[in-house]
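One structure below.
All values below come from the heavy atoms of this structure, side chains included, with hydrogens, waters and symmetry mates left out. Below, chain A is the first sequence line, B the second, and so on; all start at residue 1.
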Amino acid sequence: MRQDWTSADFSAALLEWYDRHARVMPWRIGPAERKAGVRPDPYRIWLSEVMLQQTTVVAVRDYFRRFTERWPDVAALAAAEDAAVMAEWAGLGYYARARNLLKGARAVVAEHGGRFPATREGLLTLPGVGPYTAAAVASIAFDAPEVVVDGNVERVIARLFRVETPLPLAKPELTALAARLTPAQRPGDYAQAVMDLGATICTPRSPACGICPWRDPCIARAEGVQAELPRKLPKAAKPVRRGILYLARRADGAWLLETRPESGLLGGMLGFPGTDWTVEAPEEAPPVAAEWRDPGGEVLHTFTHFHLRLALRVAELPETAAPTQGCFMMLSPAHLPTVMRKAYDLVRADQASATGEVQASPSKRSGKTTRRR
DNA sequence: GACACGTGGCT
DNA sequence: TAGCCAAGTGT
């Protein structure tokens with residue numbers, strides 16, 4: 001800590017800034033309301049925190065609104081059908097979060113009488129709630145003085161104290177430094193304030209140091225290295241994997257779909273049947289005997305740890321065709337994960353151009369990531 | 001500790 | 001444009 005700034009000075013300066021510049025969010029109780037005694041709804045804080053894991057505020061907003069309209073409290077969510085929750089989560093990514101969300105809601109109802117645990121330790125027992133989320137919910141929803149360390153806080157603290165150790169090695173050091181700054185007064189507002197600071201001022205590139213409430217004590221800023229911190233260990237290169245997806249359309253317009261296995265990539269989500277996604281070129285493995293043709297496009301998609309190039313095959317099935325083992329038929333499939341949505345849009349575009357019909361605009365999620373050959 | 005696990009926006 | 005980045009967790 002800088003000799004001239006006490007821990008109380010840090011929180012005072014930040015909270016004063018937060019009182020004037022707090023971002024407005026659908027799940028948040030603003031500083032003025034909080035001072036007036038309004039308490040946040042733990043269900044909404046928990047839901048928002050899970051959605052915000054590795055996900056931007058902009059991406060979360062509409063999903064949060066739809067979830068809370070459909071399932072206004074934890075009891076309603078606990079009573080929801082699995083497929084309904086997975087469908088509502090489609091497009092948001094990291095689908096294990098949705099599966100754990102449902103397990104977590106059911107655990108709150110079954111094991112905690114429908115009320116969220118109010119402590120970090122209690123929250124940590126819920127599936128999908130790790131160190132960050134437990135501390136965030138405890139502090140934001142229950143005003144417990146927990147140390148909240150997310151990517152924003154790591155960046156802010158690394159700069160404030162000029163921590164040169166690369167992430168993720170620096171995590172313990174950053175957590176210890178963050179702990180020294182966490183106040184006993186207004187811990188919930190403080191937690192949100194540090195994250196707002198990281199999101200709006202102490203940004204990854206070109207931070208706005210001139211208007212930062214912590215510019216004076218910031219060591220990285222004083223030494224001109226703020227934009228280089230935090231340092232990070234180099235990431236592994238992403239290999240390319242390939243696969244084939246089979247899109248079968250029955251004469252009545254229904255498509256052949258499957259629910260993917262509960263665990264693993266896109267677990268529990270809807271998808272078109274296909275081959276495994278491997279580094280080597282895949283062998284043909286159609287899910288049903290039919291005249292499969294190549295529509296001449298390719299789906300390009302990048303996951304966290306690999307690039308994917310999917311070839312497509314399409315077929316028309318007779319009206320009488322029954323779904324094959326493990327599959328079912330669905331009209332105008334909605335709620336697909338993005339890679340499946342891209343494949344669907346590409347095939348629809350191909351059909352439209354073949355028949356000369358005007359096509360409804362495909363999802364925005366398809367963009368430049370499909371390619372004509 | 002290392003790796004699996006999505007997505008869209010920005011540079 | 002290829003890569004980086006965003007309120008991480010589970011195994």
For [N] and [X] - does any side-chain N or O of the residue sit under 4.0 Å from the phosphate oxygens OP1/OP2?
{"X": "H301(A)", "N": "dT7(B)", "value": "yes"}
{"X": "T338(A)", "N": "dT7(B)", "value": "yes"}
{"X": "K342(A)", "N": "dT7(B)", "value": "no"}
{"X": "H305(A)", "N": "dC5(B)", "value": "yes"}

To the nearest angstrom, how far is [X] atom [atom1] from [N] atom [atom2]?
{"X": "F303(A)", "N": "dA4(B)", "atom1": "CZ", "atom2": "C1'", "answer": "12 Å"}
{"X": "L101(A)", "N": "dG6(B)", "atom1": "CG", "atom2": "C1'", "answer": "16 Å"}
{"X": "R241(A)", "N": "dC5(B)", "atom1": "CZ", "atom2": "C1'", "answer": "11 Å"}
{"X": "W46(A)", "N": "dG8(C)", "atom1": "CH2", "atom2": "C1'", "answer": "16 Å"}
{"X": "L102(A)", "N": "dT9(C)", "atom1": "CG", "atom2": "P", "answer": "19 Å"}
{"X": "K171(A)", "N": "dT9(C)", "atom1": "NZ", "atom2": "C1'", "answer": "11 Å"}
{"X": "L300(A)", "N": "dT7(B)", "atom1": "CG", "atom2": "P", "answer": "14 Å"}
{"X": "K238(A)", "N": "dG3(C)", "atom1": "NZ", "atom2": "P", "answer": "8 Å"}

(message) For a quick check under 3.5 Å, do R348(A) and Y344(A) share a side-chain donor-acceptor pair by atom type?
(response) yes

(message) Which is more 5' along DNA chain C, the nucleotide nearest H307(A) or the one nearest R23(A)? Just name the residue.
(response) H307(A)

Partner set under salt bridge (charged side-chain N to carboxylate O under 4.0 Å, His left out) for [X], not counting sequence neighbours:
{"X": "D73(A)", "value": "none"}
{"X": "R34(A)", "value": "D143(A), D189(A)"}
{"X": "D252(A)", "value": "R250(A)"}

(request) Give a yes or no on whether Q185(A) atom CD has more than 12 heavy-atom contacts from other residues, nucleotides or ligands under 6.0 Å away. (result) no

Taking any heavy-atom pair under 4.0 Å as a contact, classify [X]: base, sugar-phosphate, or nothing.
{"X": "R155(A)", "answer": "sugar-phosphate"}
{"X": "V129(A)", "answer": "sugar-phosphate"}
{"X": "K235(A)", "answer": "sugar-phosphate"}
{"X": "P127(A)", "answer": "sugar-phosphate"}
{"X": "W89(A)", "answer": "nothing"}
{"X": "M340(A)", "answer": "nothing"}

Looking only at side-chain atoms of [X], point me to the closest of [options].
{"X": "Q54(A)", "options": "dT7(B), dG10(C), dG8(C)", "result": "dG8(C)"}
{"X": "R97(A)", "options": "dG3(C), dA6(C), dG6(B)", "result": "dG6(B)"}
{"X": "Y94(A)", "options": "dA4(B), dG8(C), dT9(C)", "result": "dG8(C)"}
{"X": "N100(A)", "options": "dT11(B), dG10(C), dG8(C)", "result": "dG10(C)"}

(message) Which residues in residues 183-202 of chain A have a heavy atom closer than 4.0 Å to any atom of DNA chain B?
(response) none

(message) If you take any heavy atom closer than 4.0 Å to DNA chain B, which residues from residues 259-271 of chain A end up in contact?
(response) G264(A), L265(A), L266(A)

Considering residues at least two apart in sequence or located in another chain, which fulfil the side chain to side chain donor-acceptor pair (under 3.5 Å) criterion with [X]?
{"X": "Y132(A)", "value": "E49(A)"}
{"X": "R28(A)", "value": "Q192(A), D196(A)"}
{"X": "D62(A)", "value": "none"}

(request) If a pair satisfies salt bridge (charged side-chain N to carboxylate O under 4.0 Å, His left out) and one of its residues is in residues 256-285 of chain A, list it, with sequence neighbours excluded. (result) E284(A)-R313(A)

When the [atom1] atoms of [N] and [M] are considered, how many whole Å apart are they?
{"N": "dC4(C)", "M": "dG6(B)", "atom1": "C1'", "result": "15 Å"}
{"N": "dC5(B)", "M": "dA6(C)", "atom1": "P", "result": "22 Å"}
{"N": "dG8(B)", "M": "dT9(C)", "atom1": "P", "result": "22 Å"}

(request) Specify whether W214(A) and F10(A) have parallel, tilted or perpendicular ring planes, treating 30° as the upper limit for parallel and 60° as the lower limit for perpendicular. (result) perpendicular

(request) Indicate, yes or no, whether a donor-acceptor pair under 3.5 Å links the base of dG6(B) to the side chain of T302(A). (result) no

(request) Assess R66(A) against Y63(A): is NZ or CZ under 6.0 Å from the centre of the six-membered ring, and within 45 degrees of the ring's axis? (result) yes

(request) With sequence neighbours excluded, tell me which residues meet side-chain contact (heavy atoms from CB on, under 4.5 Å) with P72(A). (result) A76(A)

(request) Taking side-chain contact (heavy atoms from CB on, under 4.5 Å) as the test, write out the residues that go with P127(A), two or more places apart. (result) N100(A), K103(A)

(message) For the aromatic rings, using the six-membered ring if either is Trp, is the centroid distance between F67(A) and F64(A) under 6.0 Å?
(response) no

(request) By nearest nucleotide on DNA chain B, pick out whichever of R205(A) and P168(A) is the more 5' one. (result) P168(A)

(request) Could you check which residues of residues 132-147 of chain A get a heavy atom under 4.0 Å from DNA chain C? Sort them by number, please. (result) Y132(A), T133(A)

